[in-house]
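To start, the structure itself, in structure tokens.
All values derive from a computational prediction rather than experimental measurement. When a ligand or atom number is given, it counts from 1 through the structure's own listing order.
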Amino acid sequence: MKKMISVVVPCYNESEAVDIFYKEICRVAKEIPQVNFEFLFVDDGSRDDTLEKIQKLHKKDSRVRFVSFSRNFGKEAAILAGMQYAEGDFVATMDVDLQDPPELLTQMYDAIKDNKYDIAVARRVSRKGEPPVRSFFAKIYYFIINKLSNVKMMDGVRDFQLMTRQVVNAILSMPEYNRYSKGLTSFVGFRVKYIEFEHVDRVAGETHWSFWKLFIYGIEAICAFSTVPLVLAAVLGVLFCLIAFVMIVVIICKTLMFGDPVGGWPSMICVVLLMGGLQLLALGIIGQYLAKAYLESKHRPIYIVRITEKD
Ligand code: UDP
Ligand code: MG
């Protein structure tokens with residue numbers, strides 16, 4: 001029996017990119033004739049005619065399937081839905097804007113087809129064309145998250161990968177609400193083959209990530225894969241208690257020996273502000289984790305489907 005690769009493609013307002021992507025992926029599919037393909041588009045509540053474009057493709061080509069959300073739930077939700085709906089023996093996830101060059105699929109398939117590897121992940125080796133500030137922060141970010149978390153996050157790794165059914169099932173066995181795909185993939189382990197490529201610009205449309213959105217996403221990833229910030233908060237607390245204790249002793253001795261000249265009001269305000277700030281910071285860190293636990297405990301669905309190709 002011929003095996004099947006499911007290509008999961010999250011799309012959010014990508015009306016211009018869908019057709020270009022389809023042409024490209026069909027070309028690549030022809031290059032791997034030993035497997036069947038299904039192209040599973042996940043419409044993440046687009047407000048343009050992305051869904052209509054996908055439906056048109058489905059009428060023309062039965063390999064095209066789709067799931068459409070009731071609203072925008074985010075890329076992570078779209079990837080999850082795609083993995084749950086995919087029926088293939090292998091599942092690939094890739095962006096619709098061709099920033100994940102589909103022709104890498106051939107190499108990916110070669111890597112995992114005879115069980116030498118279980119998952120092939122694309123890794124961008126250059127960040128050419130990206131604003132330098134963004135690359136700079138990305139570098140710092142990866143440094144920090146790798147220090148804080150046991151799960152290794154590689155710089156440049158994309159949400160573009162081809163996995164065996166076994167890996168897909170392992171990832172799906174984690175029902176968490178706060179999903180960070182790169183972390184989940186790294187967490188499940190298995191034999192990973194990194195496939196390197198150069199940065200490619202978007203074919204159409206524009207990115208959905210603002211700096212602020214990326215920042216929030218980054219914080220969430222840290223919360224999801226590390227509890228070290230909680231420890232840091234506690235360590236800071238202990239450290240400042242110690243400093244305060246030493247200072248109290250010093251001040252008492254000084255007063256006893258030299259009397260009590262009133263002074264040092266400004267320095268006192270500084271200390272008060274510093275302590276206040278640190279307390280708020282620690283509270284904020286605890287609050288982040290509490291918020292995550294709160295959201296998890298509600299067991300809300302990660303996405304809601306409005307229509308699929310079977311409706
Ligand atoms: N995407 C999505 N939901 C969102 C945002 C993005 O499904 O809320 C999809 C988008 O259509 C694209 C992929 O995720 O296929 C990557 O998005 P984008 O190109 O904006 O991210 P970048 O490549 O700049 O990191
Ligand atoms: Mg992109």
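If you look at E14 next to ligand 1, the close heavy atoms, those under 4.0 Å, all belong to the side chain. The part of D44 lying near ligand 1 is the side chain, judged by heavy-atom distances below 4.0 Å.
Close contacts of ligand 1 with G74, meaning ligand atoms under 4.0 Å from a residue heavy atom, involve 3 (N), 8 (O). Numbered from 1 in the order shown, with element, the atoms of ligand 1 that lie under 4.0 Å from a heavy atom of W209 read 20 (O), 21 (O), 22 (P), 24 (O), 25 (O). Close approach of ligand 1 to C11 is summarised as follows: ligand atoms under 4.0 Å from at least one heavy atom of the residue are 7 (O), 11 (O). Residue-ligand proximity, N72 to ligand 1, at heavy-atom distances under 4.0 Å covers atoms 3 (N), 4 (C), 8 (O).
In this comparison of V42, D95, L98, the heavy atom closest to atom 13 (C) of ligand 1 sits on D95. Atom 19 (O) of ligand 1 has its nearest heavy-atom neighbour, among D97, D159, V9, in D97.
The side chain to side chain donor-acceptor pair (under 3.5 Å) with E309 is formed by just one residue from the set Q55, R65, H58; it is R65.
Distances between N or O atoms of V96 and those of ligand 1 include at least one value under 3.5 Å.
With ring centers used as reference points, Y217 lies under 6.0 Å from Y180.
For the pair R71 and F69, the cation-pi test (distance below 6.0 Å, angle within 45°) is failed.
At a cut-off of 2.8 Å, D95 does not coordinate the Mg ion (ligand 2) through any N, O or S atom.
Using a 4.0 Å cut-off between a side-chain N of Lys or Arg and a carboxylate O of Asp or Glu, E296 and K292 do not qualify as a salt bridge. The pair K75-D95 counts as a salt bridge, with a side-chain nitrogen and a carboxylate oxygen less than 4.0 angstrom apart.
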